[in-house]
Amino acid sequence: MPRTAIISDIHANLEALQAVLADMESEQCSNIVCLGDVVGYNADPSACVDIIRGLNCPTVKGNHDEGVLQPVDARMNPIAQQAMEWTRSQLSRDHLEWLRKLQFMRMVQPFTIVHSTLDQPRLWHYIFNAGDAAANFTRQFTDICFHGHTHVPKVFCLDGTRAAEQTDALAELHSGKVDFHTREGVKYFINVGSVGQPRDGDWRACYAIYDSDARMITFKRVEYDLQTAMEKIRTAGLPEYLAERLARGA
Ligand code: ZN
């Protein structure tokens, strides 16, 4: 598989998903994988599940995909709870069954995919720094593992025994496109950012393309119809905060 698009944290943002799918077509991606959180927060959960299911691509389960299957988690903040309840009301039994069957991690030769971390994929740990990433590397048996969950694109690596974050790798992502060349003998744990609710201060959808022949990962930002996505959140009666955070990329 020479060029694989990796998408994560779509969160029911149909406008963002459609823009990313169009962009990856122009990038001639031959495969696609999805790192979970197809639903939650935004206004089009059933349409997004239909699209991802229709792609029939390797997909792993995110905490929102799981949360919608269970009684509301009282530890979750009230806005997330409200969005979760609303999301559940929008999904058919068929949609819920598809979400239920998703696995927590998958090996997609020559890399691995997981929503949070490989060491404890069901506990939904957030990886913000190299210290957090260290435990993941103890369970990573491929050179590259892609993950999501924080909605912030990042590159962590394990060179020898030390886990580190390559902060310089994504310094130019504001330009809309960044190529990152992987080195042989180094392991990478890569967060591809979020399609439907970016939290790194940039409202544009984020995803990555892995070219296994060139050993290169391209991170991309894609503009989408933000106003429509925000309007749909308001029309659905979801919290205003969810519309406004899309515009802030936070
Ligand atoms: Zn998420």
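Computed from heavy atoms alone, side chains included, the values below leave out hydrogens, waters and symmetry copies. Ligands are counted one by one from 1 in listed order, and the atoms in each one are counted from 1 as well.
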Quiz item: Aromatic ring centroids of Phe156 and Tyr188 under 6.0 Å?
Solution: no
Quiz item: Would one find an N, O or S atom of His151, in either backbone or side chain, under 2.8 Å from the Zn ion (ligand 1)?
Solution: yes
Self-check item: Contact check: His64 to the Zn ion (ligand 1), N/O/S below 2.8 Å
Solution: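 Checking His64: none of its N, O or S atoms is under 2.8 Å.
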Quiz prompt | Angle subtended at the Zn ion (ligand 1) by Asp37 OD2 and Asp9 OD1, rounded to 10 degrees | solution =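 About 90°, to the nearest ten degrees.
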Practice problem: Specify whether Phe104 and Trp124 have parallel, tilted or perpendicular ring planes, treating 30° as the upper limit for parallel and 60° as the lower limit for perpendicular. | Solution: tilted
Self-check item: Note: Arg221-Asp23 ion pair, threshold 4.0 Å (strictly below)
Solution: no
Quiz item: Do NZ/NE/NH1/NH2 and the carboxylate oxygens of Asp159 and Arg183 come within less than 4.0 Å?
Solution: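 Yes, this pair counts.
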